[in-house]
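Only one structure is covered here, and it is reproduced in the block below.
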Protein chains: 2
Amino acid sequence: MDIIDAKILEVLKQNGRSTASDISKKVNLSIPAVSERIRKLEEANVIEQYTVKINREKMGYKLLAIVFVNIDHTANIQQFREEIILFPEVMECHHMAGEYDYMLKVLVEDTAQLEVFLSEKLKSIRGVQNSNTLIVLSTLTEKLNR
Amino acid sequence: MDIIDAKILEVLKQNGRSTASDISKKVNLSIPAVSERIRKLEEANVIEQYTVKINREKMGYKLLAIVFVNIDHTANIQQFREEIILFPEVMECHHMAGEYDYMLKVLVEDTAQLEVFLSEKLKSIRGVQNSNTLIVLSTLTEKLNR
DNA sequence: ACTGAAAGATCACTAAC
DNA sequence: GTTAGTGATCTTTCAGT
């Protein structure tokens, strides 16, 4: 991971479809050299995935919420961890230090779907003790990578 | 946005480098038909960006934190909004309803960098009244799109 | 570890339907 | 929307530095 690899990653962050020949011009390196570096970055799992950012509003998902969850510590925590990530509306699930056990980022179409998620889906998982939901009014920035 | 477009987006989510010919096999459509659909999805800004997911740990970023911030409502809020998104460690910034005004997702190498962010960078923005930081112990899932 | 050139494969595009 | 044909472009390979 030298400075040239960092430059290559920077180009790929901005456009995941950049070809080796595109990148070779931007980093002043020959095409085979760039190809080999990308191959190694993929092999080392530094590049985890090529993907695409899709417009949420255009897909009808207009409500983003943060849900903090507490788990009954006598419950089967592994079961919660397996089930929670299966819900399509759960974009993120983090195990937290502090007052709450888990923090979820939940993306839904509207408040009706949020209600279904909170009062039916989330509640249906055994061990979920209580939750605290915060609503996102707007998003100023949201990046995948630093 | 019919069911075929949805399938195309699904393929691109999993691999942003999929070619039109790759996709044409998976959705049972000819290559020019797929190309045209992708072109329209890009034009309509449904596809916002092709990008890449980079392994955070491999890049040395081992600490993820959630920072809630309150802004002095007599302060210049626009200034906060402009400055906060410029910090490289701020992955996300959401305007929130409820007790706190903004929620930040902050990615740093270690607690030392978090301390610098909280006590120097964040504090330096005029109007930042107080903050509350939560530490992420581990991440179960983190998706860009639903 | 990188360059440059050549080969082969693959892709996108266009035109006709 | 399909099929077929063309031209461009890309990656890979390899010999040389």
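The figures that follow rest on heavy atoms only: side chains count, while hydrogens, waters and symmetry mates do not. Residue numbering restarts at 1 for every chain, and letters A, B, ... go by the order of the sequence lines.
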Using the benzene-type ring in the case of Trp, are the ring centres of B:Phe117 and B:Phe87 under 6.0 Å apart? yes
Would you please say whether a donor-acceptor pair under 3.5 Å links the side chains of A:Gln79 and A:Glu83? yes
Nearest whole angstrom, please: distance from the C1' of D:dG1 to the CG of B:Asp5. 14 Å
Using whole Å, what does the distance between atom P of nucleotide C:dA1 and atom CD1 of A:Ile8 come to? 13 Å
In whole angstrom, what separates A:Arg17's CZ from D:dT9's P? 16 Å
Near-ring test B:Tyr50/A:Tyr50, centroid separation under 6.0 angstrom: no
Counting side-chain heavy atoms from CB outward, which of D:dG1, D:dT11, C:dA12 is closest to B:Leu29? D:dG1
CG of B:Asp22 versus P of D:dT11: gap in Å, rounded? 14 Å
Please, which pairs that meet salt bridge (charged side-chain N to carboxylate O under 4.0 Å, His left out) have at least one residue in residues 117-131 of chain B, sequence neighbours excluded? B:Glu89-B:Lys121
Using only side-chain N and O atoms of A:Arg37, determine if any of them is under 4.0 Å from OP1 or OP2 of C:dC2. yes
When the nearest nucleotide of DNA chain D is assigned to B:Asn28 and to A:Ser35 on a heavy-atom basis, which residue is associated with the more 5' position? B:Asn28
How is B:Ser30 classified with respect to the nucleic acid when contacts are heavy atoms under 4.0 Å: base, sugar-phosphate, or nothing? base
Nucleotide D:dT11, atom P - distance to NZ of A:Lys25 in whole Å: 11 Å
Write down the distance between CD1 (A:Ile31) and C1' (D:dC14), rounded to a whole number of angstrom. 15 Å
Base, sugar-phosphate, or nothing for A:Arg39, non-hydrogen atoms under 4.0 angstrom? nothing
Nearest to the side chain of A:Pro32, which nucleotide is it out of C:dT3, D:dT2, D:dT11? C:dT3
In whole angstroms, the gap separating P of D:dT2 from CD of B:Glu36 amounts to 12 Å
